[in-house]
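Heads up: the structure comes next, in structure tokens.
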Amino acid sequence: MGSIKIAPSVLSADMANLKGELDKIAGADFVHFDVMDGHFTGNLTFGVEILKAVKRSTKVPVDAHLMVSNPDETVDWYADAGADMITVHYEASTHLHRTLTHLQQRGVKAGVVLNPATPVCVLESIIEVVDIVLLMSVNPGFGHELKAMCERHGVSPMIEVDGGISSKNIAEVVKAGANVLVAGSAVFKSEDPAAEVALLQKLGNEAAQEA
Ligand code: DX5
Ligand code: ZN
């Protein structure tokens, strides 16, 4: 297995056939699970009960992306439901350091998400405790800046990018430093999601070797 991980986003799957959709992506590295609360984000998706259903339906580890207000108060819901990785937004957290270390003590990989308008420099004080940084942008400049910061601190968290990833741009995003790629429509709206996951893994790993 290569070093580049593909995380299909269940938000783009056919929710009326959740188990069937998850079976198609059994070869993926993570299942990306977008929780939106209708407050931090103007949309409402799914929460704990659907997360439990996902966990019952697949062996692929679940990457829960909490687009919610006050995640410090609710992260345990998702850890209890079986999330393997949990990321919370920098813009929504008041106790970021405490929340991340709390999750890690529970054995959950913990990370921070930055919206496109949030500069990477806000991570300077927290970078040494994060397992994952999730960037909501395919802007290669962000990836380069984050990689340089990680090198300065001697750490190598997973660097995940979410939104708009496809076989057309994955190489560029990997070369900019990303190693976990979320792909929603590219995977679930394709004719053959399993083949698409394999293609993204292959293209991603080839780009990583060239980088
Ligand atoms: C919210 C984003 C996604 C989304 C990605 O975090 O909206 O995770 O499902 O979908 P694509 O890959 O189609 O942009
Ligand atoms: Zn997401």
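Order of appearance sets the numbers: ligands from 1, and atoms from 1 within every ligand.
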Atom 13 (O) of ligand 1 has as its nearest protein heavy atom Ser185 OG, 2.5 Å

**Q.** Sidechain N-carboxylate O distance under 4.0 Å for Lys52, Glu49
**A.** yes

Atom 4 (C) of ligand 1: of Asp34, Asp63, Val10, the nearest heavy atom sits on Asp34

Donor-acceptor pair between Thr99 and Asp72 side chains, under 3.5 angstrom
yes

The Zn ion (ligand 2) -> His65, closest N, O or S atom is ND1

- Query: Do Phe33 and Phe46 pass the ring-ring contact (aromatic ring centres under 6.0 Å, His included) test, and can you show the C-alpha distance, the side-chain angles, and the key distance before you say yes or no?
  - Reply: CA-CA 9 Å; Phe33 187 87; Phe46 26 63; 4.6 Å; yes

re atom 12 (O) of ligand 1, the protein heavy-atom contact at minimum distance is Gly184 N, 2.7 Å

Under 4.0 Å from one or more heavy atoms of His32, ligand 1 contributes atoms 8 (O)

Does a side chain donor of either Asp76 or His102 reach within less than 3.5 Å of an acceptor in the other side chain? yes

Looking at ligand 1, does Ala186 have a heavy atom less than 4.0 Å from it?
no

Residues Glu91 and Asn115: closest non-hydrogen pair is OE2-N, 2.7 Å

Atoms of ligand 1 under 4.0 Å from any heavy atom of Gly163, numbered from 1 in the order shown, are 14 (O)

Closest to atom 7 (O) of ligand 1 among protein heavy atoms sits Leu11 CD2, 4.3 Å

Paired with Asp84, the salt bridge (Lys or Arg N to Asp or Glu O under 4.0 Å) test is passed by just one of Lys55, Lys109, Arg106, Lys59, namely Lys55

Exercise for the section: Ignoring hydrogens and angles, state whether a donor on the side chain of Asp34 or Ser9 is under 3.5 Å from an acceptor on the partner side chain. Expected result: yes

In this structure, atom 14 (O) of ligand 1 is nearest to the protein heavy atom Gly164 N, 2.8 Å

### Query
Do NZ/NE/NH1/NH2 and the carboxylate oxygens of Glu151 and Lys147 come within less than 4.0 Å?
no

Per residue His32, nearest N, O or S atom to the Zn ion (ligand 2) is named NE2

For the Zn ion (ligand 2), angle spanned by Asp162 OD2 and Asp34 OD1 (nearest 10°) is 160°

If you scan protein heavy atoms around atom 9 (O) of ligand 1, the nearest is Ser9 OG, 2.8 Å

* Asked: Are Arg152 and Glu124 within salt-bridge range, i.e. N to O under 4.0 Å?
  -> yes

Of all protein heavy atoms, the one nearest atom 5 (C) of ligand 1 is Asp162 OD1, 3.7 Å

